[in-house]
There are 2 protein chains.
Amino acid sequence: MTLTEENYLKALFHLSLENEEVSVLDLSKSLNIKMPTVNSMVKKLSSKELISYEKYKPLTLTQGGKRAAGLIIRKHRLVEMFLVEHLGFGWDEVHEIAEQIEHIKSQKFFDRIDQLLDFPKVDPHGSPIPDINGEVAVQNYNKLEECLVNQQATFMSVGSSQDSFLKLIDKLNLKLGDKIKVLEIQDFDKTMRVLVNNNSEQTLSQLVATNILVKLNV
Amino acid sequence: MTLTEENYLKALFHLSLENEEVSVLDLSKSLNIKMPTVNSMVKKLSSKELISYEKYKPLTLTQGGKRAAGLIIRKHRLVEMFLVEHLGFGWDEVHEIAEQIEHIKSQKFFDRIDQLLDFPKVDPHGSPIPDINGEVAVQNYNKLEECLVNQQATFMSVGSSQDSFLKLIDKLNLKLGDKIKVLEIQDFDKTMRVLVNNNSEQTLSQLVATNILVKLNV
DNA sequence: AATTTTTGTTAGACTATTCTAACATTATAG
DNA sequence: CTATAATGTTAGAATAGTCTAACAAAAATT
Ligand SMILES: [Mn+2]
Ligand SMILES: [Mn+2]
Ligand SMILES: [Mn+2]
Ligand SMILES: [Mn+2]
């Protein structure tokens with residue numbers, strides 16, 4: 001499989017998680033590639049039995065396509081973890097590099113990185129690392145946005161990996177694993193005041209709170 | 001620069017070290033790409049001022065081409081070193097992977113690997129790692145083949161990175177840095193009997209001895 | 001139900017990299 | 001100094017991946 005094909009599969013996989021149905025246009029926007037190009041690549045991947053395609057119908061991955069995509073995402077996330085844990089990169093710097101290294105052809109290379117990291121289950125953004133069969137564990141986290149006053153929760157994952165968002169979370173001194181307690185929610189704009197680790201107070205816009213995924217503490 | 005262009009430059013660089021003049025045919029053989037293809041790529045790289053090209057004349061790298069090639073080789077060798085030192089690969093397993101990773105677009109990634117390795121000067125095969133300007137230190141080693149009986153020397157580098165050669169060196173229990181003393185040379189076939197680290201005796205064919213590069217111990 | 005908007009498809013072109021076949025030049029050997 | 005061999009170049013075609021322009025179908029709006 002080529003680097004290009006791998007990127008298409010991965011994009012379709014991600015879109016399929018977020019949306020009920022995925023259109024050619026969705027894929028086109030997500031890859032920043034024009035629709036006719038996507039159309040022909042979809043046909044090609046369909047002929048390889050990786051995508052199920054019928055004219056004018058939504059796109060879906062076949063079992064094989066899902067597995068292939070899962071395996072690429074596994075490599076991507078292992079690499080991100082390695083870059084943070086062993087090369088000292090910030091979580092906002094790793095995606096671009098992982099986007100390239102995920103296409104390296106060497107099973108053993110990724111196996112060794114997995115081993116070096118002691119078989120991590122999540123990447124630096126809290127996203128699950130698919131297993132050796134490309135299976136992704138389903139995470140069932142809540143958006144901090146949906147929590148009520150006095151709710152306590154643990155910061156488990158981020159809903160966006162945009163640079164600016166990650167940098168903001170850094171600036172707010174928030175890290176995965178932090179305990180968050182909702183102190184106050186503004187009626188007007190849903191801005192939240194929260195207490196982090198029983199320690200520092202922060203104010204979060206609704207947009208930020210939407211992208212902070214938490215596990216509720218009972 | 002594309003991955004393909006980088007590979008052409010690197011190949012020309014290596015050939016230029018080994019031979020006085022490099023022809024289109026040499027480059028074609030070394031890359032396993034047919035002559036007409038090489039011919040057109042050479043023209044392209046010439047238009048980018050990376051290769052000096054005149055019809056029917058030998059090929060040479062421009063200053064810029066040399067620098068670019070040196071920088072790719074730097075990445076290649078840093079990666080090989082990393083694979084051996086941190087991921088436990090054998091020196092016979094790293095070339096293929098480095099051949100891919102050398103094309104990753106991220107200065108910082110390679111800088112961090114350099115730092116992690118504590119700024120190594122040679123790769124796992126004893127070849128020099130070019131500096132940040134792509135400059136390669138000239139090594140002045142002797143072939144073990146050329147040593148006389150009773151000569152003592154230190155194993156510094158290998159003249160071939162062929163899998164089978166590296167595996168043989170492993171099997172002979174030879175490692176870079178080992179002290180080698182020539183005990184006997186067969187007149188008939190130049191086979192050498194040597195003493196390694198004042199410890200174990202080994203018999204080396206002339207072909208093997210040619211590819212063992214040593215520093216003479218006075 | 002008709003019209004407009006959105007989405008999807010087809011056709012045709014372009015660049016990068018490769019190839020084969022044919023021809024040209026240079027080098028080598030008698 | 002020719003004839004042959006080796007090397008190099010040109011021409012033309014193929015594949016992968018991309019694009020724009022034009023047309024088609026489906027969905028949304030009146
Ligand atoms: Mn990522
Ligand atoms: Mn990618
Ligand atoms: Mn190598
Ligand atoms: Mn390479």
Side-chain angles (χ1 to χ4, degrees), chain A residues 1-16 18-61 65 68-69 72 99-100 102-105, chain B residues 1-16 18-61 65 68-69 72 99-100 102-105:
Chain A
M1 214 173 359
T2 65
L3 177 153
T4 307
E5 290 174 341
E6 291 187 344
N7 284 337
Y8 274 85
L9 288 184
K10 203 157 58 94
L12 179 50
F13 187 100
H14 284 131
L15 288 169
S16 301
E18 294 162 24
N19 313 281
E20 200 53 47
E21 300 196 330
V22 180
S23 65
V24 174
L25 185 62
D26 293 334
L27 199 46
S28 167
K29 280 176 180 159
S30 127
L31 288 164
N32 243 293
I33 290 174
K34 294 291 182 291
M35 275 212 283
T37 307
V38 171
N39 184 279
S40 54
M41 183 56 85
V42 161
K43 284 179 181 171
K44 183 179 167 195
L45 290 170
S46 163
S47 84
K48 292 194 178 186
E49 314 255 291
L50 294 164
I51 288 181
S52 305
Y53 170 69
E54 284 179 87
K55 266 190 183 181
Y56 302 109
K57 294 277 165 59
L59 308 171
T60 54
L61 286 169
I72 305 159
E99 199 59 49
Q100 299 174 64
E102 68 188 358
H103 305 290
I104 298 297
K105 266 48 182 179
Chain B
M1 218 174 352
T2 66
L3 177 151
T4 308
E5 291 173 340
E6 291 187 344
N7 284 338
Y8 274 84
L9 288 185
K10 204 157 58 93
L12 179 50
F13 187 100
H14 284 132
L15 288 170
S16 301
E18 295 161 25
N19 313 282
E20 199 52 48
E21 299 197 331
V22 181
S23 64
V24 174
L25 185 63
D26 294 334
L27 199 47
S28 167
K29 280 175 181 159
S30 128
L31 287 165
N32 242 293
I33 289 173
K34 295 290 181 292
M35 275 211 284
T37 307
V38 171
N39 184 278
S40 54
M41 182 58 83
V42 161
K43 284 179 181 171
K44 183 179 166 193
L45 290 170
S46 164
S47 83
K48 291 193 179 189
E49 316 254 289
L50 294 164
I51 289 181
S52 304
Y53 170 71
E54 285 179 88
K55 268 189 183 183
Y56 303 108
K57 294 277 164 59
L59 307 172
T60 54
L61 287 168
I72 304 159
E99 200 59 49
Q100 299 174 64
E102 68 189 359
H103 305 289
I104 297 297
K105 266 47 183 179

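Only heavy atoms go into these numbers, but all of them, side chains included; no hydrogens, no water, no symmetry mates. All chains are named by letter (A, B, ...) in the order of the sequence lines, taking the proteins before the strands, and each is independently numbered beginning at 1.
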Quick one: are M1(B) and L9(B) in side-chain contact, heavy atoms under 4.5 Å?
yes
| query | Taking atom types as modelled and ignoring hydrogens, do the side chains of S23(A) and D26(A) form a donor-acceptor contact shorter than 3.5 angstrom? | reply | yes
inquiry  = Using a strict threshold of under 4.0 Å (side-chain N to carboxylate O), is an ion pair present between K105(B) and E6(B)?
reply    = yes
Decide yes or no on side-chain contact (heavy atoms from CB on, under 4.5 Å) for K55(B) and K43(B), but give the supporting numbers first. CA-CA 10 Å; K55(B) 268 189 183 183; K43(B) 284 179 181 171; 6.0 Å; no
Rounded to the nearest 0.5 angstrom, the CE-CD1 distance for M41(A) and I51(A) is 9.0 Å
Give a yes/no answer on whether the side chain of N39(A) brings an N or O atom under 4.0 Å of OP1 or OP2 in dT9(C). yes
Nearest heavy-atom contact between L31(B) and N7(B) is CD2-O, 3.8 Å
E54(A) atom CD is separated from dG8(C) atom P, nearest whole Å, by 14 Å
Identify all pairs in which a protein N or O lies below 3.5 Å from an N or O of nucleotides 23-28 of chain C, and state each distance.
residue	atom	partner	partner atom	Å
dT25(C)	O4'	Y56(B)	OH	3.4

When K43(B) and K29(B) are each assigned the nearest nucleotide of DNA chain D, the 5'-most assignment goes to K29(B)
Decide, yes or no, whether a salt bridge links K10(A) with E99(A) under the criterion of side-chain N to carboxylate O below 4.0 Å.
yes
Checklist line | N39(B) side chain reached by Y53(B) side chain, heavy atoms, under 4.5 Å | finding: yes
Numerically ordered, the residues 18-26 of chain B set in heavy-atom contact under 4.0 Å with DNA chain C is none
So does E18(A) have more than 12 non-hydrogen atoms from other groups sitting under 6.0 Å from CD? yes
Using a 3.5 Å distance criterion without hydrogens, assess whether the side chain of S28(A) forms a donor-acceptor pair with backbone atoms of V24(A). no
Atom NZ of K57(A) and atom C1' of dG8(C) are separated, to the nearest Å, by 13 Å
Find every protein N or O atom lying less than 3.5 Å from an N or O atom of nucleotides 17-19 of chain D, and list the pairs.
residue	atom	partner	partner atom	Å
dG17(D)	OP1	T2(A)	OG1	2.7
dG17(D)	OP2	K44(A)	NZ	2.1
dT18(D)	OP2	Y8(A)	OH	3.3
dC19(D)	OP2	K34(A)	N	3.0
dC19(D)	OP2	T37(A)	OG1	3.0

Do any side-chain nitrogens or oxygens of Y53(B) fall under 4.0 Å of OP1 or OP2 in dG8(D)?
no
Taking the side chain as every heavy atom from C-beta outward, state whether I72(B) and F13(B) have any pair of such atoms under 4.5 Å apart.
no
